[in-house]
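By convention in this document, chain letters (A, B, ...) are assigned in the order of the sequence lines, proteins followed by strands, and residues within each chain are numbered from 1.
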Amino acid sequence: MRRELEPWLTGRVVRSAELVDAVPGPKYARLARAVGQRVAAVGRHGKFLLLPLEAPETGGGAARDELVIHLGMTGVVSAEPPVSHLRVVIRFDGPEPQTLYFRDVRRFGRVLIAPEGVYDGLPTLQQAGPDALAPAFTPEGFARALAHSGVAIKTALMSQRPVAGVGNIYADEALWRIGVHPERPARLLRRGQVEALHGAIVDVLMASLEAQGTTLHDYRTVNGAVGAYLERLAVYGRTGRPCPRCGAAIARIVVGARGTHLCPVCQPRPRSRRGSRAAPRRAGGRS
DNA sequence: CGCATTTCCTGGTAGC
DNA sequence: TGCTACCAGGAAATGC
């Protein structure tokens with residue numbers, strides 16, 4: 001999405017920004033402040049799209065605003081008006097197309113203005129680790145970030161703190177690639193496993209980018225294309241179907257209240273006495 | 001602070 | 001056909 005928006009929007013001035021069937025609030029904070037400002041760049045950190053804005057009248061030095069876009073679950077950005085669930089319309093100057101539409105069925109997404117680098121209402125972005133595809137994401141830093149966390153490795157990845165940009169689909173895919181169970185405590189991964197996970201995250205994201213992402217239901221590229229990575233998924237959404245590597249049936253468990261898919265043969269459960277649920281410190285019912 | 005749980009939100013689907 | 005109940009999940013809020 002960033003790559004598609006960059007040549008389209010860079011250098012343009014925002015002419016209007018309006019909410020459509022959306023309640024003004026934290027998810028759309030200060031959106032109107034974008035009007036009259038120029039898009040200086042189209043950046044990204046993890047799943048957050050970041051467009052620094054320049055106000056024409058202020059010279060250098062002044063703190064810049066940033067247009068922040070997050071798709072949430074069902075957000076879609078396009079230059080064509082969506083069939084339904086339109087939430088935000090932003091018009092720019094310059095050649096056609098001039099209008100950016102933000103569609104969001106479940107309203108988990110956000111389109112707002114924040115002071116550049118100051119994300120008070122966005123703690124996940126504020127505390128995010130290095131972007132998964134940036135040079136700052138290194139095996140060494142990754143290892144340090146995981147070293148003291150007792151939570152499940154999948155939960156750690158989902159928090160965006162050790163690394164930014166890995167969501168439910170790619171967390172499952174990356175852990176399958178390295179043969180580590182999603183519930184293994186993050187700090188118990190061996191050094192080699194951390195390095196392998198680092199590589200697997202980069203590889204799976206790059207592969208998905210090449211396929212224009214994963215479309216389960218709503219996701220579309222800015223140009224309206226569906227992401228083709230769905231058919232390359234090894235475990236996500238493939239419960240009961242054969243593991244591409246060993247043929248065993250893919251299992252589905254819940255980790256951190258999120259559906260989690262794994263191969264029980266390639267990713268054996270850590271040899272811990274604790275069950276997967278919150279309370280059952282009972283030894284029975286191994287499976 | 002670390003971690004677990006709950007909430008937000010709507011379309012799709014299972015079950016009756 | 002129409003109704004209810006429940007599920008999906010990224011991030012924030014809330015509760016220890």
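No engagement by Arg187(A) is indicated, since no non-hydrogen atom pair under 4.0 Å with the nucleic acid exists.
Of the charged side-chain nitrogens involved, none lies within less than 4.0 Å of a carboxylate oxygen, so that Glu173(A) and Arg177(A) do not count as a salt-bridged pair.
Read 5' to 3', the first and last nucleotides of DNA chain C with an atom closer than 4.0 Å to a heavy atom of chain A are dA8(C) to dA12(C).
Residues forming a salt bridge (Lys or Arg N to Asp or Glu O under 4.0 Å) with Arg107(A) (at least two apart in sequence, or on another chain): Asp21(A). Listed by chain and residue number, nothing satisfies the salt bridge (Lys or Arg N to Asp or Glu O under 4.0 Å) test with Arg30(A) (two or more places apart in sequence, or in another chain). In terms of the side chain to side chain donor-acceptor pair (under 3.5 Å) criterion, Gln193(A) has no residue partners (sequence neighbours excluded).
Between Val151(A) and Ala257(A), the one whose closest nucleotide on DNA chain B sits nearer the 5' end is Val151(A).
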Output a table of donor-acceptor pairs, distance under 3.5 Å, between side-chain atoms of residues 239-263 of chain A and any protein atom two or more places apart or on a different chain; print 'none' if there are none.
unit_1: Arg245(A); atom_1: NH2; unit_2: Trp176(A); atom_2: O; d: 2.7
unit_1: Thr260(A); atom_1: OG1; unit_2: Lys154(A); atom_2: NZ; d: 3.0
unit_1: Thr260(A); atom_1: OG1; unit_2: Arg258(A); atom_2: O; d: 2.9
unit_1: His261(A); atom_1: ND1; unit_2: Asp172(A); atom_2: OD2; d: 3.0
unit_1: His261(A); atom_1: NE2; unit_2: Gly237(A); atom_2: N; d: 3.4

Report all side-chain donor-acceptor pairs from residues 117-125 of chain A shorter than 3.5 Å, counting only partners two or more places apart or in another chain.
unit_1: Tyr119(A); atom_1: OH; unit_2: Glu66(A); atom_2: OE1; d: 2.5
unit_1: Tyr119(A); atom_1: OH; unit_2: Gly117(A); atom_2: N; d: 3.3

Enumerate, atom names and distances included, each donor-acceptor pair closer than 3.5 Å involving a side-chain atom of residues 202-211 of chain A, sequence neighbours excluded.
unit_1: Ser208(A); atom_1: OG; unit_2: Tyr170(A); atom_2: OH; d: 2.5

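Using a 4.0 Å cut-off on heavy atoms, the residues of residues 158-177 of chain A that approach DNA chain C are Met158(A), Gln160(A), Asn168(A), listed by number. Within residues 103-123 of chain A, the residues that have a heavy atom under 4.0 Å from DNA chain B are, in order of number, Val105(A), Arg106(A), Arg107(A), Phe108(A).
Listed by first and then second residue, the side-chain hydrogen bond (donor to acceptor under 3.5 Å, both in side chains) pairs involving residues 71-81 of chain A are Thr74(A)-Asp104(A) (not counting sequence neighbours). Within the structure, no pair that satisfies the side-chain hydrogen bond (donor to acceptor under 3.5 Å, both in side chains) test touches residues 133-143 of chain A, not counting sequence neighbours.
One end of the helix from dG2(B)-dC16(C) to dC16(B)-dG2(C) points its axis 40° away from the other end's axis, with each axis taken from 5 pairs and the angle rounded to 10°.
The side chain of His85(A) places an N or O atom within less than 4.0 Å of a non-bridging phosphate oxygen (OP1 or OP2) of dG11(B).
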